[in-house]
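Values reported hereafter were calculated over all heavy atoms of this structure, with side chains retained and with hydrogens, waters and symmetry mates removed.
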Amino acid sequence: MIDTGTYPVMITTSNANFLSNEKRILGFSDTCQSRGLEPNVIKISTTSEGLDLAEERDNFEAKFSELLKEHDRVGIFGINDNLAAFLYQEALMLGYKVPEQIAIVGFDGSAKSKELGLTTIRQDIGTICNVCCSNLLAMIHKSKIYDASQTIPVSLIKRKTT
C-alpha cells in the first residue's frame with residue numbers, strides 16, 4: 001500500500017484504546033517513518049460499530065476530498081476490518097476509484113474482508129488461542145507462563161482494495 005506515490009493515512013476510532021490497537025498505530029507510524037514518510041493518524045470520534053460510523057459520512061467525504069486535492073493517491077489503513085469495510089463502501093459510494101485513488105487496508109482478516117475483497121492484515125487466530133490457553137492453564141496450575149508478551153506474526157492478504 002505504501003509507495004512513493006501514495007500518501008499513508010491511518011484512521012482509528014474512539015474505542016481504539018486497547019493495547020493491540022495502540023501497537024497497530026505504533027507499527028503504522030514506525031513503518032511510515034522508516035520509509036521517510038510522515039505518519040498521519042486520524043482519530044474519529046465514533047466507535048467502529050456500523051451505526052455509529054454512519055454519523056461520520058460527511059466528515060469522510062470532506063477528508064477524502066481534502067487528501068486527494070493534495071495527493072494523487074491516498075493509502076488508508078483502517079484500525080480494523082469493520083472500519084476499513086465502511087471506508088471502502090463510502091469511497092465507492094462517493095465515486096472514488098479504489099485502489100487507483102484510494103487504497104484501503106484493514107486489520108483482522110475477518111469474513112467481511114474476504115466477502116468484500118478487502119486487503120487486510122491477518123493474525124493467526126489459532127496461534128493466539130493456543131498461547132492464551134497455555135498461559136491461562138499455566139496460571140491456574142501456578143506454573144510458569146509460556147510467554148506473556150509473545151508477538152504473533154501477521155500476514156498481508158492482498159485483495160482488490162490495494
Side-chain angles (χ1 to χ4, degrees), residues 1-3 6-35 37 39-57 60 63 73-93 96 98-99 102-162:
M1 180 176 102
I2 298 174
D3 61 35
T6 303
Y7 181 72
V9 176
M10 174 179 250
I11 299 181
T12 185
T13 60
S14 61
N15 65 346
N17 294 328
F18 300 106
L19 181 60
S20 62
N21 289 352
E22 290 172 9
K23 288 187 176 189
R24 291 175 190 182
I25 293 167
L26 180 61
F28 172 81
S29 297
D30 288 349
T31 300
C32 288
Q33 290 171 346
S34 74
R35 293 186 165 105
L37 300 168
N40 184 3
V41 178
I42 299 170
K43 187 172 185 177
I44 59 175
S45 62
T46 187
T47 68
S48 62
E49 303 306 316
L51 296 175
D52 293 342
L53 288 172
E55 297 172 9
E56 292 287 330
R57 279 201 164 97
F60 288 133
K63 184 52 76 177
R73 185 171 188 242
V74 177
I76 296 176
F77 183 89
I79 196 71
N80 57 47
D81 282 346
N82 191 40
L83 177 59
F86 180 81
L87 294 169
Y88 176 43
Q89 292 169 330
E90 286 299 302
L92 292 176
M93 194 168 56
Y96 293 107
V98 178
I102 299 175
I104 301 172
V105 175
F107 196 107
D108 289 327
S110 69
K112 186 167 192 103
S113 71
K114 186 174 184 178
E115 176 186 323
L116 293 174
L118 182 70
T119 296
T120 188
I121 294 175
R122 179 186 161 282
Q123 284 184 310
D124 184 353
I125 301 300
T127 301
I128 293 170
C129 290
N130 285 335
V131 169
C132 290
C133 289
S134 294
N135 284 340
L136 181 60
L137 288 170
M139 292 167 71
I140 290 170
H141 297 297
K142 298 186 182 353
S143 58
K144 185 177 182 290
I145 291 178
Y146 172 63
D147 187 353
S149 63
Q150 182 177 356
T151 300
I152 308 298
V154 297
S155 57
L156 177 66
I157 310 297
K158 190 170 168 112
R159 296 191 180 111
K160 67 181 181 182
T161 60
T162 56

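- Using a 4.5 Å cut-off on side-chain heavy atoms (C-beta onward), Thr162 and Val105 make contact.
- Shortest non-hydrogen contact noted between Gly78 and Ala84 is CA-CB, 4.4 Å.
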(request) Starting from the C-alpha separation in whole Å, work towards a yes-or-no answer on side-chain hydrogen bond (donor to acceptor under 3.5 Å, both in side chains) for Arg159 and Ser113. (result) CA-CA 9 Å; Arg159 296 191 180 111; Ser113 71; 3.3 Å; yes
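- A distance of 10.5 Å separates CD in Glu90 from CD1 in Ile102, rounded to the nearest 0.5 Å.
- At least one side-chain heavy atom of Leu116 sits under 4.5 Å from a side-chain heavy atom of Gln89.
- To the nearest 0.5 angstrom, Cys132 atom SG is 8.0 Å from Ile152 atom CD1.
- Put simply, the side chain of Lys63 reaches to within 4.5 Å of the side chain of Ile42, judged on heavy atoms.
- Note that CZ of Phe77 is 9.5 Å distant from OG1 of Thr12, once rounded to the nearest 0.5 Å.
- One finds a salt bridge joining Asp108 and Arg24 here, because a Lys/Arg side-chain nitrogen approaches an Asp/Glu carboxylate oxygen to under 4.0 Å.
- At least one side-chain heavy atom of Ile11 sits less than 4.5 Å from a side-chain heavy atom of Leu87.
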(request) List the steps, then state whether side-chain contact (heavy atoms from CB on, under 4.5 Å) holds for Thr6 with Val74. (result) CA-CA 5 Å; Thr6 303; Val74 177; 5.8 Å; no
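- Within the 4.5 Å cutoff, the side chain of Ile79 has heavy atoms near those of the Met10 side chain.
- Here the CD-CZ distance, from Gln33 to Phe28, works out to 10.0 Å after rounding to the nearest 0.5 Å.
- In this structure, Ile128 and Gln123 have side chains that are in contact, with non-hydrogen atoms separated by less than 4.5 Å.
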(request) Please lay out, stage by stage, how Tyr88 and Lys160 fare under the test side-chain contact (heavy atoms from CB on, under 4.5 Å). (result) CA-CA 11 Å; Tyr88 176 43; Lys160 67 181 181 182; 3.0 Å; yes
(request) Go through the steps to decide whether Phe107 and Leu83 satisfy the test side-chain contact (heavy atoms from CB on, under 4.5 Å), and finish with yes or no. (result) CA-CA 9 Å; Phe107 196 107; Leu83 177 59; over 6 Å; no
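- Without hydrogens or angle criteria, Asp81 side chain to Ser110 main chain gives a donor-acceptor distance under 3.5 Å.
- A donor-acceptor pair under 3.5 Å is absent between the side-chain atoms of Ser134 and the main chain of Val131, judged by distance alone.
- For the pair Pro8 and Leu37, the minimum side-chain heavy-atom distance is below 4.5 Å.
- Looking at Thr119 and Ile104, their side chains never come closer than 4.5 Å, going by heavy atoms from C-beta outward.
- Atom CD1 in Ile25 sits 6.5 Å away from atom CG in Asn21 (nearest 0.5 Å).
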